[in-house]
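Written out below as C-alpha cells is the structure these notes cover.
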Protein chains: 2
Amino acid sequence: MPPAGARKLAPEPSLRRLPVYLRLLTRLDAEGTRTVSCTAIGRELGLDFTQVRKDLSCTGIVGTPRVGYRVDELIAAIQRFLGWHRRTDALLVGAGNLGRALLAYEGFAQYALRIVAAFDIDPSLVGTEVAGRPVRHLDDLPDIAESSGALVGILTVPAGQAQSVTYTMVLSGIRAVWNFTGARLEVPRGVLVEDVDLGASLAVLTNRLEQASTC
Amino acid sequence: MPPAGARKLAPEPSLRRLPVYLRLLTRLDAEGTRTVSCTAIGRELGLDFTQVRKDLSCTGIVGTPRVGYRVDELIAAIQRFLGWHRRTDALLVGAGNLGRALLAYEGFAQYALRIVAAFDIDPSLVGTEVAGRPVRHLDDLPDIAESSGALVGILTVPAGQAQSVTYTMVLSGIRAVWNFTGARLEVPRGVLVEDVDLGASLAVLTNRLEQASTC
DNA sequence: TAGATTGTTAATCGATTAACAATC
DNA sequence: TAGATTGTTAATCGATTAACAATC
C-alpha cells in the first residue's frame with residue numbers, strides 16, 4: 001500500500017485531458033453550476049464517463065455518490081495537480097515569429113504561466129520589447145535565469161540551434177524545456193522536455209486526408 | 001488477406017514519428033548518406049529499432065536485408081504516405097498573434113503546406129497583408145474556399161468562436177480542420193479535426209515539474 | 001560463408017473500457 | 001427507499017517490445 005498522501009503518477013493521456021475538463025468546469029462555474037457528475041462531463045465532451053472518473057481521481061478529488069463533485073473543489077484540485085495554482089515563470093529563447101506570438105499570447109494567464117523575458121542573438125531584435133517583455137541578448141540568459149529563478153525555458157529557435165541553446169538553458173538552472181523546434185533534445189537526467197511538434201500534428205491530418213481521398 | 005496494394009492504416013503514434021524520421025533522413029541525404037538501417041535510425045533518435053521498422057513499414061517501403069533502406073526512397077515513401085509529395089492548400093481563420101505567426105512561418109514549406117489566404121472580422125486587420133498573403137473578411141471565406149479548392153482550415157480564433165467558424169469552414173468545403181483553439185469541435189462525419197492544444201502540452205510539463213519539486 | 005538486417009509473428013505492457021460493490 | 005453516482009477492481013484493446021525465420 002502506498003503511504004498516505006502519496007501522489008499518484010498520472011498517465012500522460014490523463015494529464016493532457018485535464019485542461020479540457022478545466023475549461024468546461026470554468027464555464028460551468030461562471031454559469032453558476034455548483035456540482036457536476038462524470039456522466040455530465042463525459043456527455044458534454046464526448047468522453048467515456050469512466051475515463052473521466054479515472055482522470056479526475058488522479059488529482060485526489062473526492063466526490064459524493066449520487067451527487068458528483070463540487071465544481072469549485074474540482075477546479076482547485078486540477079489547478080493544484082497541474083501546478084497552475086501558483087505562477088510559473090518562464091524564459092523564452094528565439095524572438096522570431098513564433099516566439100513573439102507566444103510572448104503576445106494572453107491565454108497563458110489561465111495556465112499561470114508568465115514569460116518574464118525573451119532572448120535572441122539578432123541585433124535588430126535585442127533591446128526591443130514585445131508585449132511589455134524585453135528581448136535580451138542570449139548572453140544575458142544565465143544572469144536573468146538566476147535572478148528570476150525561472151524554471152521553464154520556451155524554445156522557439158531554428159531547429160539547428162535547439163541543442164546548443166538547450167545546453168545554455170540547463171546550465172543556467174532551467175529544469176523544464178518546452179520545445180517548439182521539432183528537434184530531438186538531449187538533456188541530463190532530471191531535466192524535463194515537452195515537445196510541441198507541428199509537423200507531427202500535421203502528419204496525422206494530411207495522412208488521414210490522403211487516405212480519405214484515395215479510398 | 002487484404003487486397004494487393006491495400007493501404008495499411010497507420011497507428012497515430014507511428015504517424016507522429018514519421019516527420020521525425022524525415023528530418024533525420026533529409027539531413028543524412030544532404031550529408032551524402034545513401035543507405036540507412038533501422039538500427040542506425042533508432043540509435044540516432046533514441047528509439048527502439050523494431051519500432052522504427054514497424055513505423056517505416058506503414059509507408060510501404062521495402063528494404064534490403066543486411067543493407068537497410070535507400071535514403072532517397074525512404075524520404076519519398078514517407079512524403080508520399082503523409083501526402084507531402086504534393087502541395088496542400090489551406091485557409092487560415094483568425095489573424096491574431098498566433099495566426100500571423102503561422103502565416104509568417106517558413107517551415108510549412110517542408111510539409112508542402114501553403115496558406116493561400118487569411119480571414120478575420122477585425123476591420124483593422126481586413127485588407128492588410130501578412131507575409132504576402134491577404135487578410136480577407138470572414139464573409140469572403142466561402143468564395144475563396146471554392147475558387148482555391150483548399151481542403152484544410154487552420155483555426156486560430158478565440159475559443160468562443162471556434163465552433164461557429166468551423167461550421168462556416170465545413171459548409172465551404174473544408175475537409176480537415178487544424179485546431180489551435182483548445183475548444184472541442186463538433187464536425188460532420190468525414191470531416192477531420194486535429195488539435196494542437198498548448199494547454200494539454202503545458203499540463204504535462206508543469207505537473208511533472210510539480211511532482212519533481214515536491215518529492 | 002557468416003552475420004547483420006529485414007519482415008513478420010508472438011509476448012508484454014499500459015491505457016481504455018467494463019463490471020460491480022459501496023454510498024448518499 | 002430506490003436509484004444515480006462514486007471508487008475500485010477486472011477485462012479488453014491497442015501499441016510497444018521481443019523473438020525468430022528469411023535473406024542478401
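Throughout, protein chains are lettered first and strands after them, A, B, ... in sequence-line order, and every chain is numbered starting at 1. Below, all heavy atoms of this structure are taken into account, side chains as well, without hydrogens, waters or symmetry copies.
- One can place CZ of R70(A) at 19 Å from P of dT5(D), the figure rounded to the nearest angstrom.
- For the pair T206(A) (side chain) and L82(B) (backbone), a donor-acceptor distance under 3.5 Å is present.
- Here Y69(B) lies in heavy-atom contact (under 4.0 Å) with sugar-phosphate atoms only.
- For I121(B), the CD1 atom sits in a loose shell: 12 or fewer heavy atoms of surrounding residues, nucleotides or ligands are nearer than 6.0 Å.
- The main-chain N or O of S164(B) is found under 3.5 Å from a side-chain atom of T168(B) such that the two form a donor-acceptor pair.
- The interatomic distance linking Q51(B) (CD) with dG7(C) (C1') rounds to 16 Å, in whole Å.
- Residue S37(B) is the one, among S14(A) and S37(B), whose nearest nucleotide of DNA chain C lies closer to the 5' end (criterion: closest heavy atom).
- In R208(A), the CZ atom is crowded: over 12 heavy atoms of neighbouring residues, nucleotides or ligands sit closer than 6.0 Å.
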Polar atom pairs (N or O), protein with nucleotides 21-24 of chain C, under 3.5 Å:
none

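- L113(A) places a side-chain heavy atom less than 4.5 Å from the side chain of I154(A).
- The CD-P distance, from E12(A) to dA15(C), rounds to 9 Å in whole Å.
- By the 30° and 60° cut-offs, the orientation of the rings of F108(B) relative to Y105(B) is perpendicular.
- Distances shorter than 4.0 Å separate none of the side-chain N or O atoms of R53(A) from OP1 or OP2 on dG7(D).
- Taking only distance into account, the side chain of K54(A) meets the base of dT9(D) through a donor-acceptor pair shorter than 3.5 Å.
- For R133(A) (side chain) and L103(A) (main-chain N/O), a donor-acceptor pair under 3.5 Å exists by modelled atom type.
- Other residues, nucleotides and ligands contribute more than 12 heavy atoms inside 6.0 Å of the CD atom of E73(A).
- As rounded to whole Å, 11 Å separates atom P of dT17(D) from atom CZ of F49(B).
- Distance from the side chain of T39(A) is smallest for dT5(D) among the nucleotides dA18(D), dT5(D), dT5(C).
- Under a 3.5 Å cut-off, the side chain of R184(B) and the backbone N or O of L45(A) do form a donor-acceptor pair.
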Open item on the list: For Watson-Crick and G-U wobble pairs within 3.5 Å on both distances, what is DNA chain D written in dot-bracket notation, | included for inter-strand pairing?
Closed with: ..||||||||||||||||||||||
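- Nearest heavy-atom pair across L91(A) and S148(A) is CD2-OG, 4.2 Å.
- Mapping V36(A) and P11(B) onto DNA chain D by nearest heavy atom places V36(A) at the nucleotide closer to the 5' end.
- Taking every side-chain heavy atom of T50(B) into account, dA18(D) is the closest of dA18(D), dT17(C), dT6(C).
- Listed by residue number, there are no residues of residues 18-28 of chain B with a heavy-atom contact under 4.0 Å to DNA chain D.
- A donor-acceptor contact shorter than 3.5 Å links the side chain of T156(A) to the backbone of G94(A).
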